[in-house]
Amino acid sequence: MGIFKSNGKLRFPEPRKSKVKEAEIEVIDKCFCQNGHSLISSRIRFDTHDGIYFKVKNHNKEGFVGISPMCGRKTRVSIDIDLIKGEKYDFYCPECNEKLPVYSPCPSCEGNMITIFRSKEED
């Protein structure tokens, strides 16, 4: 297929349709800090879903980050802080200000993967 149609007009490709339907995307609608405070907040929304909301700190800077609750989407918004690529941040519960526990070091960026909980109580 060339870039021109048989009549000489430029051919514009049709946009690709996503193979993943919205109904197939898993949305996190509940998650908590280690003290049972909800990290889902209506302060930040992605499409029609409330986002996952954290307090972040780095050296003398602090602010908030909201991330998409839709699994596989990497959308995020920072509030009151400029996130700088390559810098590492500590994540806190915005309600109780407790540092979220580290699950493990990230093998690709050498930062820390944090733990958030799907229920208020430990199983």
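Only heavy atoms go into these numbers, but all of them, side chains included; no hydrogens, no water, no symmetry mates.
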Nearest heavy-atom pair of [X] and [Y]: which atoms, and what distance?
| X | Y | value |
| --- | --- | --- |
| V102 | T115 | C-OG1, 3.9 Å |
| I40 | D29 | CG1-O, 3.7 Å |
| K30 | R118 | O-NE, 3.6 Å |
| M113 | P105 | CE-O, 3.8 Å |
| N58 | K88 | ND2-O, 3.1 Å |

Could you check whether any side-chain heavy atom of [X] comes within less than 4.5 Å of a side-chain heavy atom of [Y], counting everything from C-beta outward?
| X | Y | answer |
| --- | --- | --- |
| V27 | P69 | yes |
| V56 | I81 | yes |
| H49 | I44 | no |
| L39 | F117 | no |
| C31 | I52 | yes |
| C71 | I28 | yes |

Practice task
Scan S38, C93, P94 and name whichever one has a side-chain contact (heavy atoms from CB on, under 4.5 Å) with C33.
Solution key: C93
Practice task
Please say whether more than 12 non-hydrogen atoms of neighbouring residues, nucleotides or ligands are located less than 6.0 Å from CZ in R43.
Solution key: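 Counting neighbours around CZ of R43, 12 or fewer heavy atoms of other residues, nucleotides or ligands fall under 6.0 Å, so no.
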Problem - Any donor-acceptor pair under 3.5 Å from N35 side chain to C96 backbone - result: no
Between [Y] and [X], does any NZ, NE, NH1 or NH2 come within less than 4.0 Å of an OD or OE carboxylate oxygen?
| X | Y | answer |
| --- | --- | --- |
| D47 | R73 | yes |
| K61 | E87 | yes |
| D90 | K99 | yes |

Exercise for the section: Walk me through it: do Y89 and I84 pass the test side-chain contact (heavy atoms from CB on, under 4.5 Å)? Expected result: CA-CA 10 Å; Y89 298 85; I84 299 169; 4.0 Å; yes
Exercise for the section: Determine whether the aromatic ring centres of F54 and F91 lie less than 6.0 Å apart. Expected result: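 They qualify: ring centres under 6.0 Å apart.
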Practice task
Measure centre to centre between the rings of Y53 and F64, then say whether the value is under 6.0 Å.
Solution key: yes
Handout entry: Interatomic distance, K85 atom NZ to C109 atom SG [nearest 0.5 angstrom]
Key = 11.0 Å
Exercise for the section: Starting at OG of S78, measure out to CG of L83 and round the result to the nearest 0.5 Å. Expected result: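 So the OG of S78 and the CG of L83 are separated by 4.5 Å.
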Problem - side-chain contact (heavy atoms from CB on, under 4.5 Å) assessment of E98 paired with Y92 - result: CA-CA 5 Å; E98 290 251 356; Y92 295 80; 5.9 Å; no
Practice task
Given side-chain contact (heavy atoms from CB on, under 4.5 Å), test Q34 with L100 step by step and report yes or no.
Solution key: CA-CA 7 Å; Q34 64 270 31; L100 296 173; 3.4 Å; yes
